[in-house]
Amino acid sequence: MKTILVAGSIVLSLTGLAGTAPVSAGDLSVERAWARATIPSAKTGAVYFTIRNASARPDRILALETTVAAHAMPHQTVQEGDVSRMVEENSLNVPAAGVLELKPGGTHVMLMDLKGGLKPGQSFTLNVTFEQAGTISVPVTVGRAGAMGPE
Ligand SMILES: [Cu+2]
(Lines give C-alpha, C1' and ligand atoms only; values in the text may rest on other atoms or scores of the structure.)
Protein backbone atom coordinates (compact mmCIF):
# COMPACT_ATOMS: atom_id res chain seq x y z
CA MET A 1 0.00 0.00 0.00
CA LYS A 2 2.78 2.39 0.97
CA THR A 3 4.59 1.66 -2.33
CA ILE A 4 1.49 2.52 -4.37
CA LEU A 5 1.10 5.88 -2.62
CA VAL A 6 4.72 6.81 -3.29
CA ALA A 7 4.37 5.89 -6.99
CA GLY A 8 1.21 8.01 -7.21
CA SER A 9 2.92 11.11 -5.87
CA ILE A 10 5.80 10.74 -8.35
CA VAL A 11 3.36 10.64 -11.27
CA LEU A 12 1.61 13.75 -9.93
CA SER A 13 4.83 15.73 -9.64
CA LEU A 14 5.92 14.76 -13.17
CA THR A 15 2.58 15.93 -14.57
CA GLY A 16 2.98 19.22 -12.71
CA LEU A 17 6.30 19.88 -14.40
CA ALA A 18 5.20 18.89 -17.91
CA GLY A 19 4.12 22.39 -18.95
CA THR A 20 7.45 23.95 -18.02
CA ALA A 21 9.83 21.28 -19.37
CA PRO A 22 13.07 22.83 -20.70
CA VAL A 23 13.40 23.41 -24.45
CA SER A 24 16.72 24.11 -26.10
CA ALA A 25 18.56 25.11 -29.26
CA GLY A 26 22.31 25.21 -29.65
CA ASP A 27 23.87 26.13 -26.32
CA LEU A 28 20.73 27.74 -24.91
CA SER A 29 17.94 26.18 -22.89
CA VAL A 30 14.73 27.85 -21.74
CA GLU A 31 12.89 26.50 -18.71
CA ARG A 32 10.10 27.32 -16.22
CA ALA A 33 8.13 29.37 -18.77
CA TRP A 34 4.89 30.67 -17.31
CA ALA A 35 2.46 33.57 -17.49
CA ARG A 36 -0.05 35.08 -15.10
CA ALA A 37 -3.76 34.65 -15.75
CA THR A 38 -5.63 37.82 -16.71
CA ILE A 39 -9.27 38.86 -16.88
CA PRO A 40 -10.79 37.93 -20.29
CA SER A 41 -10.89 41.59 -21.46
CA ALA A 42 -7.23 42.28 -20.52
CA LYS A 43 -5.06 43.73 -23.27
CA THR A 44 -1.69 43.07 -21.62
CA GLY A 45 -0.03 40.09 -19.94
CA ALA A 46 3.45 39.06 -18.80
CA VAL A 47 5.58 35.96 -19.48
CA TYR A 48 8.50 34.81 -17.33
CA PHE A 49 11.18 32.14 -17.94
CA THR A 50 14.79 31.25 -17.24
CA ILE A 51 17.44 31.02 -20.01
CA ARG A 52 20.66 29.07 -19.46
CA ASN A 53 23.62 29.66 -21.77
CA ALA A 54 26.23 26.87 -21.89
CA SER A 55 28.32 28.73 -24.49
CA ALA A 56 31.40 30.88 -23.84
CA ARG A 57 29.76 33.52 -26.06
CA PRO A 58 26.91 35.79 -24.92
CA ASP A 59 23.64 35.71 -26.85
CA ARG A 60 20.67 38.04 -27.03
CA ILE A 61 16.99 38.00 -27.86
CA LEU A 62 16.23 39.62 -31.21
CA ALA A 63 12.50 38.90 -31.58
CA LEU A 64 9.47 37.54 -29.71
CA GLU A 65 6.29 36.25 -31.29
CA THR A 66 3.13 34.44 -30.11
CA THR A 67 -0.36 33.71 -31.41
CA VAL A 68 -2.13 34.90 -28.20
CA ALA A 69 -1.09 38.56 -28.58
CA ALA A 70 -0.43 41.02 -31.41
CA HIS A 71 2.95 42.04 -29.98
CA ALA A 72 5.48 40.64 -27.50
CA MET A 73 8.44 42.71 -26.28
CA PRO A 74 11.07 42.70 -23.54
CA HIS A 75 10.27 44.93 -20.57
CA GLN A 76 12.14 45.91 -17.45
CA THR A 77 10.46 46.95 -14.19
CA VAL A 78 12.20 50.03 -12.76
CA GLN A 79 11.76 51.12 -9.15
CA GLU A 80 11.89 54.89 -8.56
CA GLY A 81 11.22 55.60 -4.90
CA ASP A 82 7.76 54.17 -4.16
CA VAL A 83 6.78 54.01 -7.79
CA SER A 84 7.52 51.12 -10.13
CA ARG A 85 7.08 51.49 -13.84
CA MET A 86 7.93 49.40 -16.89
CA VAL A 87 10.29 50.41 -19.67
CA GLU A 88 10.86 48.68 -22.98
CA GLU A 89 14.26 47.05 -23.45
CA ASN A 90 15.82 47.04 -26.90
CA SER A 91 17.21 43.55 -26.46
CA LEU A 92 17.72 41.08 -23.64
CA ASN A 93 21.27 39.81 -23.19
CA VAL A 94 22.05 36.29 -22.03
CA PRO A 95 25.52 36.31 -20.44
CA ALA A 96 28.24 33.88 -21.61
CA ALA A 97 28.12 30.69 -19.50
CA GLY A 98 25.38 32.35 -17.46
CA VAL A 99 21.69 32.67 -16.72
CA LEU A 100 19.03 35.26 -17.54
CA GLU A 101 16.03 35.03 -15.25
CA LEU A 102 12.74 36.75 -16.08
CA LYS A 103 10.53 37.13 -13.01
CA PRO A 104 7.78 39.29 -11.47
CA GLY A 105 9.15 42.71 -10.45
CA GLY A 106 12.07 42.42 -12.87
CA THR A 107 12.65 41.60 -16.51
CA HIS A 108 9.66 40.10 -18.32
CA VAL A 109 8.14 39.62 -21.76
CA MET A 110 5.17 41.95 -22.15
CA LEU A 111 2.29 40.71 -24.27
CA MET A 112 0.40 43.60 -25.89
CA ASP A 113 -3.08 43.43 -27.46
CA LEU A 114 -3.97 40.04 -26.04
CA LYS A 115 -6.57 38.17 -28.06
CA GLY A 116 -9.03 37.17 -25.30
CA GLY A 117 -6.89 37.22 -22.15
CA LEU A 118 -5.00 34.33 -20.52
CA LYS A 119 -6.87 31.61 -18.61
CA PRO A 120 -5.42 29.56 -15.72
CA GLY A 121 -4.24 26.17 -17.03
CA GLN A 122 -4.07 27.39 -20.63
CA SER A 123 -0.83 26.89 -22.52
CA PHE A 124 0.53 28.64 -25.58
CA THR A 125 3.76 28.91 -27.55
CA LEU A 126 6.15 31.86 -27.42
CA ASN A 127 8.72 31.88 -30.24
CA VAL A 128 11.95 33.42 -28.99
CA THR A 129 14.58 34.28 -31.61
CA PHE A 130 18.19 34.55 -30.43
CA GLU A 131 21.07 36.07 -32.36
CA GLN A 132 23.29 32.97 -32.02
CA ALA A 133 21.02 30.04 -31.14
CA GLY A 134 18.18 30.80 -33.56
CA THR A 135 14.48 30.43 -32.73
CA ILE A 136 13.22 28.37 -29.79
CA SER A 137 9.50 27.55 -29.51
CA VAL A 138 8.85 27.87 -25.78
CA PRO A 139 5.73 26.24 -24.26
CA VAL A 140 4.22 28.65 -21.71
CA THR A 141 1.79 27.54 -18.99
CA VAL A 142 -0.67 30.05 -17.52
CA GLY A 143 -0.79 30.11 -13.70
CA ARG A 144 -3.10 31.91 -11.28
CA ALA A 145 -3.60 35.68 -11.40
CA GLY A 146 -1.00 37.18 -9.07
CA ALA A 147 1.14 34.00 -8.98
CA MET A 148 4.81 34.60 -8.19
CA GLY A 149 6.17 31.51 -9.97
CA PRO A 150 5.24 28.45 -12.09
CA GLU A 151 2.99 25.96 -10.28
CU1 LIG B 1 5.75 45.12 -18.88
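Note that ligands are numbered from 1 as they come in the structure, with each ligand's atoms numbered from 1 the same way.
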Given atoms SD of M110 and NE2 of H108, what angle do they subtend at the Cu ion (ligand 1), to the nearest 10 degrees?
-> 110°
Using distance alone, with no hydrogens and no angle criterion, decide if T135 and N127 have a side-chain donor and acceptor under 3.5 Å apart.
-> no
Distance in Å, I61 CD1 paired with F130 CZ, rounded so as to fall on 0.5 Å steps | 4.5 Å
Atom nearest to the Cu ion (ligand 1) - H75, N, O or S atoms considered | ND1
Contact flag T77/the Cu ion (ligand 1), N/O/S atoms, threshold under 2.8 Å = no
For the Cu ion (ligand 1), decide whether T44 has an N, O or S atom at a distance under 2.8 Å.
-> no
Taking the six-membered ring for Trp, are H75 and H108 parallel (under 30°), tilted (30 to 60°) or perpendicular (over 60°)?
-> perpendicular
Using only heavy-atom distances, determine whether the side chains of E101 and T50 contain a donor-acceptor pair under 3.5 Å.
-> no
